[in-house]
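Numbered from 1 within each chain, the chains take letters A, B, ... in sequence-line order.
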There are 2 protein chains.
Amino acid sequence: MRQVATLAGVGTKTVSRVINNEPNVAAATAERVWHAVRSLDYHVDLQAGSLRRADGRTRTLGLLVGSVDNPFAGAIHRAVEDTAIKREVAVFASSFDDDPERELRAVNAFLRRRVDGLILTSVKRHPDYDASLRAQGIPVVYVDRRPLDATYDSVTSDNREGARKATEHLIRHGHRRIALLTDRLDIQTAADRQQGFFEALGHAGIATTSTPVITELHDSGAAQHALARLLASDQPPTAVFSSQNLLTVGALHALRDAGAQRSVALVGFDDLPLADLVDPGVTVVAQDPQEIGRVAVTRLFARLEGQDLAPAHIIVPTTLIPRGSGEIPARA
Amino acid sequence: MRQVATLAGVGTKTVSRVINNEPNVAAATAERVWHAVRSLDYHVDLQAGSLRRADGRTRTLGLLVGSVDNPFAGAIHRAVEDTAIKREVAVFASSFDDDPERELRAVNAFLRRRVDGLILTSVKRHPDYDASLRAQGIPVVYVDRRPLDATYDSVTSDNREGARKATEHLIRHGHRRIALLTDRLDIQTAADRQQGFFEALGHAGIATTSTPVITELHDSGAAQHALARLLASDQPPTAVFSSQNLLTVGALHALRDAGAQRSVALVGFDDLPLADLVDPGVTVVAQDPQEIGRVAVTRLFARLEGQDLAPAHIIVPTTLIPRGSGEIPARA
DNA sequence: ATGAAAGCGCTAACAA
DNA sequence: TTGTTAGCGCTTTCAT
């Protein structure tokens, strides 16, 4: 910046003014500065600036998702980025694979880089870093999962309701022996979806004592094996509710391998690319990850812009999309 | 940091030493400092540190991909992140939708944040920001696409070869009227794949005058419409090669809509989730985006660690995965 | 083993 | 409208 100032024959503060579009610079001066900037190929150091800037903003956001590789997370990420870029804010994205230790490390990494705000997915319902975030006064919006602490904003799908819809849909097609494939129950979405599942069974007066529930499923391979075993048992389910996108993929493979894709019904939570092209089409309760991301980042920027909002738990509706697999009737 | 120093009864330099695990600190002193750090919930400011640090490193990387929403990019991103996190390096991820203007803006944003290195996808074969990167001495590895300038590292799939394999596969099943669905030809991957496609036709002695080639296809919707029109024409193709994942999705829809999924063959470039569950299974030339990301980030860190490597163009092989759609024979 | 002073590149506050 | 000085939080250098 000093070089630019020298070349343009002005003080550094004037360069700063020009670069940041501050008022009170003569047009001719500004032109000389821009010329110097271009000819020296100068790029401001935003980090150095934020060190001294009154609001201390780094124009940086932290985004934590299960994995940047998951289509659900990808859609959230894209929505966040699109809004952030308009405000010249850059996004750090991290994956944590539902590992609480990685979660903590990622948030600490964000803090050390002085992000202005955070969009977080958490496994824990009482995150360890909570006190730090509060002390630093960093705005946070949780996505996908909602922490128990209601003083934070959160944006999630209607998990319980969505799972209930899915299960009712299967019940409506005559199923009474419906298997549930799910992840660790300390993960809030898994717990909520399980709750919705059992609610639907309860309302229909279906005894749940012999309902096959398989938990601790983290990936499609595990789901595939679990369902394969279930299908081979003496009391196989007539329908399956898989409560997460990767588990649905595993379930599809297991059904296909067992030749049961046309006899055992399946509804998945969260949509999948190509779900409509599989035969039969995969019936799902679709989430709207793009909308989740959009709402979350909008909320975050509102707070960063100083709006004094009451913490809100925003619920983005899900949609049951019947495509075939969920409409297979129970055998007599 | 001053507060920590005061509380621990030491100078700020000692705090700095402890935090950065520098030698020459008495164990007892270090313990006092760590205690103060914990009780004040102190987090270093990495940005301030990098301002003064001798190597000037920010422990930050910039990653530019078509869209963080695309599974191909997601896999690259994840691989980059996994290596970066081990070195306590954070990753800025941006999407640019093959828009040269967005590409330039994204790179400039990275420069203003003083990233240590870049992993870039580019639409342009001579990127505009090239001179800046060179002047700043920032190491760059290109992924997916290779710039004309051979002084940069790049990691790509064997696009020409992969497309050739795909096309030969179709020819082997008796096809001579094969349609090509592709994107803008100024995109290097599109051009390379088209070249491989025509090479295969040429080797087989197939006249290409009436070969249906549809370019400028950016998304699945466009591909779907284009192929639908082609299938309805008086000279419909007996096979289709779609040269990108989104275009393959569009092609699948068009074939399904026309009821041609069992009569018209299809091979796609780049794998798709669920491709094996569609009926018939989707034959693809699979790329290995995770490996592309892994190789690229490894290369980048090697340079950051000062290794003096000759620029290399690393090619990650593709694999033809026959699943059914590509093995449909040509009708007589 | 420890600390004091200087300075990284920038912006705030104030002076001219 | 413009420039000067100080200082953001840290690491470097050099002294003790």
Side-chain angles (χ1 to χ4, degrees), chain A residues 1-34 36-37 40-60 88 109 111-116 135-138, chain B residues 1-34 36-37 40-60 88 108-116 135-138:
Chain A
M1 176 153 140
R2 277 252 294 286
Q3 296 184 52
V4 175
T6 309
L7 182 58
V10 299
T12 60
K13 178 63 225 194
T14 298
V15 175
S16 172
R17 268 190 271 258
V18 171
I19 282 173
N20 296 295
N21 283 312
E22 287 173 34
N24 298 326
V25 180
T29 313
E31 192 34 61
R32 284 212 320 282
V33 170
W34 280 123
V37 164
L40 291 172
D41 192 29
Y42 167 77
H43 300 261
V44 225
D45 186 332
L46 251 39
Q47 324 221 62
S50 73
L51 200 55
R52 191 64 174 93
R53 187 173 281 109
D55 59 14
R57 293 282 165 81
T58 55
R59 306 201 74 77
T60 270
E88 310 221 282
L111 289 179
R112 283 195 293 269
R113 294 198 165 75
R114 298 293 187 269
V115 297
D116 297 332
Q136 317 274 330
I138 299 180
Chain B
M1 178 155 140
R2 277 253 296 285
Q3 295 183 52
V4 174
T6 309
L7 182 58
V10 299
T12 59
K13 177 63 229 194
T14 299
V15 175
S16 171
R17 269 190 271 258
V18 171
I19 283 174
N20 297 297
N21 283 312
E22 287 174 32
N24 297 329
V25 181
T29 312
E31 190 37 59
R32 284 212 322 282
V33 170
W34 280 122
V37 164
L40 291 172
D41 192 29
Y42 168 76
H43 300 261
V44 224
D45 185 332
L46 252 39
Q47 324 222 62
S50 73
L51 199 57
R52 191 63 174 93
R53 187 173 280 109
D55 59 13
R57 293 282 164 81
T58 54
R59 306 202 72 78
T60 271
E88 310 221 283
N108 281 335
F110 289 146
L111 290 179
R112 284 195 292 269
R113 294 198 166 75
R114 297 295 187 267
V115 297
D116 296 333
Q136 317 274 329
I138 298 180

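In this structure, the CG atom of A:Leu111 is 16 Å from the P atom of D:dG9, given to the nearest Å. In this entry the distance linking CZ of A:Arg53 with C1' of C:dA13 reads 16 Å, nearest Å. Between the CG atom of A:Asn24 and the P atom of C:dA15 there is a distance of 17 Å, rounded to whole Å. Separating the CD1 atom of B:Ile19 from the C1' atom of D:dC10 is a distance of 10 Å, rounded to the nearest angstrom. Following rounding to the nearest Å, A:Leu46 (CG) and C:dT11 (P) show an atom-to-atom distance of 8 Å. In this structure, the CZ atom of A:Arg57 is 19 Å from the C1' atom of D:dG9, given to the nearest Å. Following rounding to the nearest Å, B:Met1 (CE) and C:dA5 (C1') show an atom-to-atom distance of 13 Å. Rounded to an integer number of Å, the gap from CG of B:Leu51 to P of C:dG9 is 7 Å.
Counting distance only, with no hydrogens placed and no angle test, the side-chain atoms of B:Arg17 and the base atoms of C:dG3 include a donor-acceptor pair under 3.5 Å.
Here B:Ser16 does not reach the OP1 or OP2 of D:dC10: none of its side-chain N or O atoms lies under 4.0 Å away. The side chain of B:Thr14 places no N or O atom within less than 4.0 Å of a non-bridging phosphate oxygen (OP1 or OP2) of C:dT2. Distances shown here put every side-chain N or O of A:Arg52 at or beyond 4.0 Å from the OP1 or OP2 atom of C:dA12. Using a 4.0 Å cut-off, some side-chain N or O of B:Thr29 falls inside it from OP1 or OP2 of C:dT2.
With distances taken from any side-chain atom of B:Ala26 to the nucleotides C:dC10, C:dA1, C:dG3, the minimum falls on C:dA1. Side-chain atoms of A:Asn20 lie closest to C:dT11 of the nucleotides C:dT11, C:dC8, D:dT1.
For the pair B:Ile138 and B:Phe110, the minimum side-chain heavy-atom distance is 4.5 Å or more.
Tested against B:Val10, the residues B:Val18, B:Thr29, B:Val4 include a single side-chain contact (heavy atoms from CB on, under 4.5 Å) partner, B:Thr29.
A donor-acceptor pair under 3.5 Å is formed between the side chain of A:Arg113 and the backbone N or O of B:Arg59. Although no hydrogens or angles enter the test, the distance criterion places no donor-acceptor pair under 3.5 Å between the side chain of A:Arg112 and the main chain of B:Val44.
A donor-acceptor pair shorter than 3.5 Å can be found between the side chains of B:Asp116 and B:Thr58.
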